[in-house]
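Take a look at the structure below.
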Protein chains: 2
Amino acid sequence: MQAQKDAVQLLKNAGLRVTPQREAILQFLLDYDGHATVDDIYTSLQDRFPSMSVSTVYNTVKQLSQVGLVKEIGVGEGASRFDINVEPHHHLVCTRCGALFDFYLEEPIRLSVPPEAEGFEVEDYHVEVRGVCPRCKKQQVS
Amino acid sequence: MQAQKDAVQLLKNAGLRVTPQREAILQFLLDYDGHATVDDIYTSLQDRFPSMSVSTVYNTVKQLSQVGLVKEIGVGEGASRFDINVEPHHHLVCTRCGALFDFYLEEPIRLSVPPEAEGFEVEDYHVEVRGVCPRCKKQQVS
DNA sequence: ACCTAGATGAGAACGATTCTAAAGTACGAC
DNA sequence: GTCGTACTTTAGAATCGTTCTCATCTAGGT
């Protein structure tokens with residue numbers, strides 16, 4: 001019950017109401033090893049919450065990301081993914097199978113802002129590296 | 001007629017059939033100052049091609065990007081944008097108004113690939129910097 | 001126990017994109 | 001120049017991810 005307590009506590013600390021659905025969704029993300037989509041969450045919780053609506057999942061992950069408990073990552077094609085790792089980090093995306101890996105930059109980027117964007121106030125940035133993951137490289141019919 | 005010749009020539013060189021629609025779409029992108037969406041292209045060419053279908057625009061931009069004549073950029077929310085600038089470059093996105101600016105890195109990124117992704121073959125990468133553009137900063141009710 | 005702001009659920013609605021199938025056309029071969 | 005065929009276009013349906021609506025429900029303070 002330790003892990004379950006954590007989800008409840010995190011919600012409370014964030015000032016969010018604790019509902020069974022939220023608790024389950026946050027707990028799912030805490031336990032999930034990877035980057036879950038809304039559909040991953042929704043289908044995985046079907047057993048426990050047969051009547052939960054997709055809207056609830058969308059609402060919840062949106063709120064969780066607003067309070068900084070999860071991070072939304074929208075890379076490549078298809079659905080957004082949600083990451084319990086909220087430290088600034090970046091992603092490798094496999095262009096063959098869509099697999100996603102975290103990575104960190106050895107040093108922050110240095111950018112030269114063009115004249116038209118003079119005064120642009122940087123909030124954060126994200127690097128999306130595209131390529132072929134090791135597994136797909138093996139299966140390659142090169 | 002110089003510009004028009006260019007589009008035709010580019011298509012031929014790329015090994016694509018030259019149709020009036022393709023020529024117009026490529027020409028539109030060559031002339032367009034910025035990052036056009038499919039809808040920008042579609043609505044702008046309504047006058048000249050009243051019966052052109054959105055599918056044609058999608059098909060065409062997909063082919064143009066396959067042969068490297070344009071680059072698809074999918075940043076932030078909403079529709080993909082298409083860029084005639086195919087040099088490697090990156091983007092500033094305004095989180096308020098969605099405005100998009102090109103920028104270049106002063107030096108390439110250095111990344112440390114995590115163990116799970118050992119052997120990942122990098123094809124290319126794209127940096128998306130989020131923040132507030134100068135125009136929105138002025139209008140801010142801070 | 002009660003009230004009420006906020007959360008949930010079902011399904012409709014939406015925007016971007018892809019698919020389908022039928023009709024049309026570019027362009028190489030003759 | 002004409003012909004044939006593989007490729008294109010078109011219109012609209014279909015799909016996918018996401019948001020919206022609104023009636024019902026509930027968490028949590030009083």
Side-chain angles (χ1 to χ4, degrees), chain A residues 4 7-26 28 35-67 69-70 72-82 98 100, chain B residues 4 7-26 28 35-67 69-70 72-82 98 100:
Chain A
Q4 199 156 23
V8 172
Q9 210 50 55
L10 287 167
L11 288 170
K12 282 190 178 162
N13 294 346
L16 293 177
R17 268 197 199 176
V18 179
T19 69
Q21 294 88 336
R22 282 188 181 165
E23 188 185 331
I25 291 168
L26 178 51
F28 177 83
H35 308 83
T37 62
V38 163
D39 197 61
D40 291 335
I41 303 170
Y42 178 65
T43 58
S44 299
L45 297 178
Q46 283 286 53
D47 298 349
R48 284 166 60 205
F49 297 87
S51 78
M52 185 172 64
S53 136
V54 278
S55 308
T56 299
V57 183
Y58 276 103
N59 287 339
T60 302
V61 293
K62 185 184 289 182
Q63 307 222 43
L64 293 177
S65 66
Q66 274 167 1
V67 300
L69 282 174
V70 305
E72 178 168 3
I73 55 188
V75 294
E77 312 294 287
S80 283
R81 295 165 173 280
F82 294 88
L100 213 59
Chain B
Q4 199 156 23
V8 172
Q9 209 49 55
L10 287 167
L11 289 170
K12 282 191 178 162
N13 294 346
L16 293 176
R17 269 196 199 178
V18 179
T19 68
Q21 293 90 335
R22 282 186 182 166
E23 188 185 331
I25 291 168
L26 177 52
F28 177 83
H35 308 84
T37 62
V38 163
D39 198 60
D40 292 335
I41 303 169
Y42 177 65
T43 57
S44 298
L45 298 178
Q46 283 287 53
D47 298 349
R48 283 165 60 205
F49 297 87
S51 77
M52 185 170 65
S53 137
V54 277
S55 307
T56 299
V57 183
Y58 276 103
N59 288 338
T60 303
V61 292
K62 183 184 289 182
Q63 308 222 43
L64 292 178
S65 65
Q66 276 168 359
V67 301
L69 281 175
V70 306
E72 178 169 2
I73 56 188
V75 294
E77 312 294 286
S80 283
R81 295 166 173 280
F82 294 88
L100 212 58

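Quick note on labels: first sequence line is chain A, next is B, and so on, each numbered from 1. Note that the structure is predicted; figures quoted are calculated from it, not measured.
The listed nucleotides are dT19(D), dG17(D), dT17(C); the one nearest the side chain of Ser80(B) is dT17(C). You'll find that the side chain of Gln21(B) is closest to dT9(D), out of dT9(D), dT17(C), dA11(D). Comparing dT9(D), dA16(C), dA7(C) by their closest approach to the side chain of Arg22(B) singles out dT9(D).
In this model, the phosphate group of dT17(C) is approached by a side-chain N or O of Tyr58(B) to a distance below 4.0 Å at OP1 or OP2. In this structure, Ser53(B) does not reach the dT9(D) phosphate: none of its side-chain N or O atoms is under 4.0 Å from OP1 or OP2.
Rounded to whole Å, atom P of dG12(D) lies 17 Å from atom CG of Asn59(B). Rounded to whole Å, atom P of dA16(C) lies 16 Å from atom CD1 of Ile73(B). The CG atom of Leu64(A) sits 13 Å away from the C1' atom of dA7(C) (whole-angstrom rounding).
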Quiz item: For Ser80(A) and Glu72(A), what are the C-alpha separation, side-chain angles and deciding distance, and is it a side chain to side chain donor-acceptor pair (under 3.5 Å)?
Solution: CA-CA 7 Å; Ser80(A) 283; Glu72(A) 178 168 3; 2.8 Å; yes
Practice problem: Determine, for nucleotides 25-30 of chain C in 5'-to-3' order, which nucleotides have protein heavy atoms under 4.0 Å from the base (write B), from only the sugar-phosphate (write S), or from neither (write -). | Solution: BBS---
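Atom CG of residue Leu69(B) and atom CG of residue Leu16(B) lie 7.0 Å apart, to the nearest 0.5 angstrom. Rounded to the nearest 0.5 angstrom, Ile41(A) CD1 and Leu26(A) CG are separated by 10.0 Å.
At a cut-off of 3.5 angstrom, counting only N and O atoms as typed in the model, there is a donor on one side and an acceptor on the other between the side-chain of Ser55(A) and the base of dG11(C).
If you check the side chains of Asp40(A) and Thr37(A), you find a donor sitting under 3.5 Å from an acceptor.
Contact annotation for Thr56(B): base contact, defined as any heavy-atom pair under 4.0 Å involving a base atom.
Along DNA chain C, the nucleotide nearest to Thr60(A) and the one nearest to Lys62(B) differ in position, and the one closer to the 5' end is contacted by Thr60(A).
Each of Leu100(A), Val38(A), Val70(A), Val61(A) was compared with Arg81(A) under the side chain to side chain contact (heavy atoms under 4.5 Å, CB included) criterion, and only Leu100(A) meets it.
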